[in-house]
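Report on the structure given below.
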Amino acid sequence: MSDVLLTVSGLTRRFDVSKPLLNRVIEREQKQFLTATADVNFEIRRGETFALVGESGSGKSTIAKMIVGLLEPSAGEIRFDGKVMDFASGAAMRQLRRRFQMIFQDPFASLNPRWRVGDIIAEPIRTFGLLRGAAISNEVGRLLELVGLSRADIEKFPHEFSGGQRQRIAIARALSSKPEFIVCDEPTSALDVSVQAQILNLMRDLQDEFGLTYLLISHDLSVVRHMSNRIGVLYLGRLVEVAEAKRLFLEPQHPYTRMLLDAVPDLALSGRRRTPVTGEIPNPINPPSGCTFHPRCQHVMARCRSDIPVSTATATGEAACHLLVPEPIREPQNS
Amino acid sequence: MAEPLLSVRDLVVEFPTRRGTLRALDKVSFDIAEGEVLGMVGESGAGKSLTGAAIIGLLEPPGRVAGGEIWLRGQRIDNLPREAMRRIRGRRIGMVFQDPLTSLNPLYTVAQQLIETIRTHMDVSDKEARARAVALLDRVGIPAAARRIDDYPHHFSGGMRQRVVIALALAAEPELVIADEPTTALDVSVQAQIIDVLKEICAERGASVMLITHDMGVIAETADRVAVLYAGRLAEIGPVRDVIQAAEHPYTVGLMGSIPTLTQAAERLTQIPGAMPRLNAIPQGCAFNPRCTRVMDRCRRDRPELIARSGARHVACWLYDSAKETANV
């Protein structure tokens with residue numbers, strides 16, 4: 001299908017968190033791995049905003065880094081516009097890289113404090129050789145105006161700007177190589193709400209204007225609800241549910257999604273009685289067997305402890321939960 | 001009305017700098033009633049945490065209280081000598097800070113820290129203090145408290161650590177707990193648990209809470225009244241329901257509109273143009289006037305005082321002045 005811009009299949013990333021070799025030999029320990037993402041599948045359509053939500057340690061940022069090519073997957077593949085991303089080939093990656101950009105969480109860390117704003121924004125243009133000479137500064141000025149800053153800001157340094165303005169600079173930099181796809185990793189979580197509103201509105205306007213596709217990573221469900229078309233919910237590195245944004249909030253299918261929605265304090269003052277949240281996210285080095293959510297789940301069954309649920313189609317999208325699949329009649333198992 | 005537990009009157013906090021004195025809090029007044037939860041919201045730099053720090057006398061020098069009074073149950077506490085203040089801190093006013101990792105000492109076990117706090121403020125034996133500590137940990141929801149009390153802070157997860165901090169704040173049975181962004185460092189599912197614990201345990205002991213946060217959702221679910229700070233001044237204060245559902249100060253209106261919600265999908269969020277002024281550039285008159293959509297001449301000239309509105313609400317805005325100037329609205 002041509003309207004799918006990005007397809008992620010079986011994406012897995014393990015990190016080696018073992019002690020040094022000598023310690024392992026002396027203490028007779030095995031190598032240890034942390035599985036940050038396990039077998040993640042989703043696709044992003046052209047022009048939509050796809051969001052990934054999850055709590056800390058759920059693998060959101062790891063997925064983002066793999067998609068923009070900053071981390072190599074341990075298994076699985078990423079297809080961008082029909083082409084498989086080849087991490088081994090620098091030239092192929094370089095060609096793809098122009099077409100996607102990233103906006104990071106902390107605008108205080110993502111801009112080089114010793115560079116002028118003009119140079120920061122022009123860097124992708126120069127790297128990809130898109131423009132030359134005076135055309136560059138012209139383009140940088142245009143981009144600055146586009147994100148609501150002024151042309152005169154070219155000469156300034158990042159420290160002269162507030163958090164919200166810095167995030168605008170980061171957005172201008174991301175737009176400078178004329179990408180089709182932007183990965184936004186918690187773009188507003190370092191900002192105050194009124195500034196957050198400005199940035200979210202700006203991101204929307206730019207999307208309408210340039211037909212951008214966004215992958216939005218956030219832990220804030222209300223931001224995600226506001227911005228995205230479809231949402232993927234991550235728990236301990238696994239995608240537990242994917243659904244249309246509107247319906248996810250009305251009809252959550254996976255018990256974890258339900259719990260997460262219940263936990264968000266809201267302004268409606270509905271006084272709704274919420275199911276109390278129990279437990280915490282387990283250690284990802286040694287995750288629970290079967291469905292990783294089973295120790296916290298209210299509907300836990302025997303097979304949740306043994307089998308990893310596979311993603312199945314639901315009314316709203318897909319979800320990975322044994323509740324959604326009728327229990328198969330147990331046949332004597334040999335394997 | 002009964003005498004309030006805490007009464008803050010015209011509090012002014014200043015930071016002398018080489019380029020002049022910065023006024024970080026400017027004539028802030030509010031009360032906290034017995035058993036009440038007062039939410040304190042505002043954006044970064046509005047002076048939320050400073051208010052808390054001024055009340056317990058922990059302003060970082062060179063910051064100092066330059067004016068106003070703070071009364072705790074009829075006793076003036078802003079001018080107490082250090083030693084007297086030290087006895088109030090912890091004993092009568094407990095604190096919960098944002099980052100549980102920095103408010104616990106990593107070199108001592110949880111038991112040592114709790115027992116030290118309890119014995120500093122109360123006349124009990126070591127054994128009794130330990131029993132109290134275990135009961136407290138159990139109350140804040142730490143499983144197997146009797147065993148885990150001898151663990152070090154790094155053995156606990158973020159949420160569990162914050163529970164320990166709450167236990168520590170409540171160890172000496174204070175009358176007031178100041179919670180400064182208690183859940184900001186935590187995940188939502190853990191945040192909900194911590195808020196519940198804090199709310200329940202304070203209600204149970206009749207302690208009042210001053211909850212400082214930037215998260216309106218947390219306030220909505222927890223507080224009885226809410227105070228909105230802007231550029232070191234109180235913009236609006238009143239019952240949570242009134243302020244959230246029918247904000248009156250244009251800043252609060254804008255703030256509420258800029259928060260995306262789970263229940264309704266707005267195409268665009270309301271945005272307040274501009275940013276909060278820096279402390280060295282607070283405009284004359286109302287601090288919000290350059291960003292306000294309903295600004296009048298008077299707003300640029302005179303600073304509005306808190307004006308009493310219906311219910312228990314007060315708003316610092318000239319729009320609600322009964323002796324209205326014939327203004328261009």
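Naming convention: chains lettered A, B, ... in sequence-line order (proteins, then strands); numbering from 1 in each chain. Hydrogens, waters and symmetry mates are skipped; everything else that's a heavy atom, side chains included, is used. Since we're looking at a predicted model, the values are computed, not measured.
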Notebook entry, point to check: Tell me, side chain or backbone of A:D220 under 4.5 Å from chain B's heavy atoms, or both, or neither?
Noted result: neither
Check: Which one of A:V223, A:V193, A:N201, A:V224 has the most heavy-atom pairs closer than 4.5 Å to chain B?
Finding: A:N201
Next item on the list: Return the option, out of B:M216, B:M160, B:M256, B:Q271, with the maximum number of heavy-atom pairs under 4.5 Å with chain A.
Entry: B:Q271
Next item on the list: Tell me, for A:L221 versus chain B, whether the close heavy atoms (under 4.5 Å) come from the side chain, the backbone, both or neither.
Entry: both
Next item on the list: Below 4.5 Å from any heavy atom of chain A, which atoms of B:P143 appear? Answer side chain, backbone, both or neither.
Entry: neither
Notebook entry, point to check: B:T270 and A:A197: which non-hydrogen atoms are nearest, and at how many Å?
Noted result: O-CB, 3.7 Å
Check: So, for A:D192 and B:E43, which heavy atoms are closest and what is the spacing to 0.1 Å?
Finding: CB-OE1, 3.2 Å
Notebook entry, point to check: Which atom pair, heavy atoms only, marks the closest approach of A:E55 to B:D187?
Noted result: OE1-CB, 3.1 Å
Next item on the list: Determine yes or no for a side-chain-to-main-chain donor-acceptor pair under 3.5 angstrom, with A:Q198 supplying the side chain and B:I272 the backbone.
Entry: yes
Checklist line | Atom group of A:Q196 that falls short of 4.5 Å from chain B, counting heavy atoms | finding: side chain
Check: Is any side-chain heavy atom of A:M259 closer than 4.5 Å to a side-chain heavy atom of B:S189?
Finding: yes
Checklist line | Region of A:S162 in contact with chain B, defined by heavy-atom distances below 4.5 Å | finding: neither
Margin query: Report which part of A:I281 has an atom under 4.5 Å of a heavy atom belonging to chain B: side chain, backbone, both, or neither.
Written below: side chain
Next item on the list: Indicate the atoms forming the closest heavy-atom contact of B:P260 with A:S222, along with that distance.
Entry: O-CB, 3.1 Å
Check: Would you say B:K199 has more than 12 foreign heavy atoms packed within less than 6.0 Å of its NZ?
Finding: yes
Item checked: Check: B:L269 and A:H226 side chains under 4.5 Å, non-hydrogen atoms -> yes
